[in-house]
S.K.: 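Below: one structure in structure tokens.
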Amino acid sequence: MLVLLRLAFSSLRSRAVTTSLTVFSIALSVLLLIGVDRIRQGVQEGFAGTLSQTDLVVGARGGSLPLLLYSVFHIGTASNEISYSSYEHFRDHPAVLWTIPFSMGDSFHGYRVVATDDNFYEHYRFRRDHSVEFAEGGRAEGIFDAVLGSEVAKQFGYHTGAKLVLSHGLEQVSLFKHADKPFTVVGVLKQTATPVDRTIYITLYGEEAMHVGWEGGTPPALGEAPPTTQIRKEDLHIDTISSFLVRTRSRITTLLLQREINTYKGEPLTAIIPAYTLEDLWNMLGYVDVALSLVSSAVLVVGLVAMLISLYTALNERKREIAILRAVGLHARQIFALFVLESVLITTIGAVVGLVAAYGLLWAFHGPAESHFGIPIAMVGLSTRVMIYLGLVVAGGTLMGCVPAIRSYRIALIEGLNAF
Amino acid sequence: MPAIHLKNVSFGYERQQALLEVPELLIEEGERVFLYGPSGSGKTTLLGLIAGILTAKTGEVEVLGKDLTHLSLSMRDRHRGSEMGYIFQSFNLIPYLSVRQNIGLPCELHAKRRKRITASSIDEEISRIASRLDIGEFLDRPVTRLSTGQQQRVAIARAVIGAPRLVIADEPTSSLDRNRQENFLRLLIELCDETRATLLFVSHDDSLMSRFDRQISVTEINTVVPC
Ligand SMILES: Nc1ncnc2c1ncn2[C@@H]1O[C@H](COP(=O)(O)OP(=O)(O)O)[C@@H](O)[C@H]1O
Ligand SMILES: [Mg+2]
């Protein structure tokens, strides 16, 4: 058997061009099949890992997906604010264990600024039970305190004590800067591999203070704005926030509370269960997944058929070879095995190359995908689905390989030693 | 013990039509036999029966002490690989293997051939035989870079390595010019002498006939009258 393997290997190597083309087309289809699947699972795990232990996400009345995307993944913007009094109402609701308020709208060189309170450091969880931890410093407590996500800190080389001038709005190059009210970095978070890394956290008071004098939506005229040293927490009044996270006391109360929030008389609100909304998102994207998988399967079939054709047409030139192998004592069955082995080798090498390429690309792109599009992609291992794909590719190749192999078997038996 | 003993053997590629009917063919061990006959007379077919690639319709085909008609296909293959060396008219070599690998193939495949070599390793045995045949310097070349004469000598090396008891050569000289035919035949006979193998040499060209112990005409041993 080992001899056969070596024969098959040498035979393929001698037809290097055809072999590598076939290997390439199979590798390409495997790359597509597995790449699509890995990205899908990576994105799913990335999204799912971003938020844990939160039962409800609440924001102004609107679509559930946008609400989830802007409040947790920082993709897109809130359509409307909600009043702080509504937040207080549900914060103090007996069914609620804890809440985390978020207020967004400002940015720093393209990174989001999120105003929140101590509850965030206390209760926010990701990847099941991880909480945010400090690499240096501590929580933002003063009005002009800021805590940086690890990526922001790394990007600008900031440490505690650094001063930041935040921009109004989310554009990278904002026309309006809060230059009159610089923030001081009091803490830097450890890396979480979630959108937290790309966020600057300030207090809700800080958010309010920043906009003192901005009531018209534009910066106050020179000399009009009160100096930062004069702004005191007591004077600030928090009117609105963008959304908040809720942890309820039990599963059953989650559903009841969701109903209650959705029918809240005070103002139109939307409460979503994040896991369900994500599930809806994946179902929606499922069609894309299926379409891409179909395309990659088609590429695979083309690759396998190309292999079949190249092996089959080579058979006529290989009749001599078959006769020689018979003469040195190979059984017709071994000739069959030799030809099948060639297909198995081609498809196996193709599958391995495709697999390695898929992981290489995933590895190369998960960073940029996260920082440029805010799409968290987890590096996921092999799944049963990938194993099934690889198995199917090799099985398909083996099956295709049987066609030239059967013919080689017949040549071996019928043409005997007279094959010219 | 006879090397080859055929009794009442008949064979035909098509069901109805017999191509060969051989009442008796006896070749003793160690004999140098020249088998001749016109093209299409069934020489290669007869070799196929002896090598156990083709199956006789009736009769007994006894080769080197084994009755092939009672052996399974795979046992016949093993018998052929371990006890016989076979040389074709041309294109004897596997194109994607080196000369060395081509020669070593029977030893790779059959323990019996491996065990019979006298040198300390297969590689050494290959080198020894190759230098006997004057192809020592080509051993690591791809076979496609060899001349026909050189290729045929590589074929001898592969046929005799591991001392098979029967060497069959099917018109091995017909692609060579007269000088090379002489040289080829001399080397083939020498090497068969060394291992005391029986040699069955087929040709339609009877100028080489005198070099053999015995000459057999296929048309004479075959009772089927060609139509
Ligand atoms: N595989 C085969 N199938 C059918 N007929 C064959 C086959 N091989 C040879 N023949 C026929 O058998 C006859 C004898 O062929 P062969 O034994 O090759 O003769 P030789 O070797 O003496 O030239 C020829 O008529 C040839 O056409
Ligand atoms: Mg012939």
Side-chain angles (χ1 to χ4, degrees), chain A residues 1-20 22 310-311 313-339 341-343 345-346 404 406 408-420, chain B residues 11 13 40 42-55 72-98 101-110 112-113 142-144 155 158-159 161-162 164 168-171 202:
Chain A
M1 207 58 203
L2 209 64
V3 184
L4 284 185
L5 196 67
R6 264 186 27 216
L7 281 176
F9 204 77
S10 314
S11 155
L12 288 177
R13 218 180 38 193
S14 75
R15 287 172 284 128
V17 177
T18 338
T19 304
S20 34
T22 335
S310 79
L311 286 178
T313 47
L315 264 179
N316 269 334
E317 297 146 35
R318 299 183 71 180
K319 282 187 179 176
R320 286 300 308 164
E321 182 190 329
I322 293 171
I324 297 164
L325 290 173
R326 289 284 279 151
V328 293
L330 278 198
H331 192 273
R333 271 199 306 268
Q334 288 172 298
I335 308 269
F336 176 89
L338 177 66
F339 278 79
L341 218 51
E342 289 189 8
S343 314
L345 273 177
I346 288 179
I406 286 169
S408 74
Y409 178 84
R410 292 174 58 85
I411 290 173
L413 278 186
I414 294 165
E415 313 241 350
L417 300 167
N418 233 342
F420 277 94
Chain B
F11 176 85
Y13 287 104
K43 303 184 293 296
T44 302
T45 306
L46 182 62
L47 295 184
L49 287 168
I50 293 168
I53 285 198
L54 304 174
T55 312
S72 72
L73 284 177
S74 54
M75 281 167 84
R76 271 167 19 200
D77 291 323
R78 196 168 320 133
H79 187 52
R80 172 175 64 255
S82 44
E83 302 291 2
M84 303 177 212
Y86 202 101
I87 304 171
F88 294 93
Q89 175 176 346
S90 57
F91 305 111
N92 265 288
L93 308 177
I94 310 263
Y96 50 80
L97 297 180
S98 71
Q101 290 168 322
N102 262 286
I103 298 177
L105 205 51
C107 293
E108 298 272 357
L109 291 168
H110 304 282
K112 263 194 185 168
R113 297 279 285 263
V143 296
T144 42
R158 188 181 58 208
I161 195 167
I168 299 173
D170 190 1
E171 312 208 38
V202 169

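Residue numbers start from 1 in every chain, and the chains themselves are labelled A, B, ... in the order their sequence lines are given, proteins ahead of strands.
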S.K.: Checking heavy atoms, do the side chain of B/L97, its backbone, both or neither come under 4.5 Å from chain A?
M.R.: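 Side chain only.
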S.K.: Which atoms of B/I94 are under 4.5 Å from chain A, going by heavy atoms: the side chain, the backbone, both sets, or neither?
M.R.: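 Looking at B/I94, backbone and side chain both touch chain A.
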S.K.: Does the side chain of A/I324 reach to within under 4.5 Å of the side chain of B/L93, using non-hydrogen atoms?
M.R.: no
S.K.: Checking heavy atoms, do the side chain of A/R318, its backbone, both or neither come under 4.5 Å from chain B?
M.R.: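 For A/R318, side-chain heavy atoms alone lie under 4.5 Å from chain B.
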S.K.: Heavy-atom cut-off 4.5 Å, strictly under: side chain, backbone, both or neither for B/R158 against chain A?
M.R.: side chain
S.K.: Can you measure from OG (B/S74) to CD (A/Q334) and round to the nearest 0.5 angstrom?
M.R.: 8.5 Å
S.K.: What residues, two or more places apart in sequence or in another chain, satisfy side chain to side chain donor-acceptor pair (under 3.5 Å) together with B/Y96?
M.R.: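 In terms of side chain to side chain donor-acceptor pair (under 3.5 Å), with neighbours along the sequence ignored, B/Y96 is linked to A/E321.
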S.K.: Listed by residue number, which members of residues 2-9 of chain A have a heavy atom under 4.5 Å from any heavy atom of chain B?
M.R.: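 Near chain B, by residue number: A/V3, A/R6, A/L7.
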S.K.: Side-chain contact test, heavy atoms from C-beta onward, threshold under 4.5 Å: evaluate it for A/L330 versus B/L109 and give yes or no.
M.R.: yes
S.K.: Do you know the tightest heavy-atom contact between A/H331 and B/D77?
M.R.: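 The answer is CD2-OD2, 2.6 Å.
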S.K.: When you compare the side chain of A/R320 with that of B/F88, does any pair of heavy atoms fall below 4.5 Å?
M.R.: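 Counting from C-beta outward, B/F88 and A/R320 do come under 4.5 Å.
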S.K.: Counting only heavy atoms not in A/R15 (residues, nucleotides, ligands), do more than 12 fall under 6.0 Å from its CZ?
M.R.: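 Enclosed: over 12 neighbouring heavy atoms sit under 6.0 Å from CZ of A/R15.
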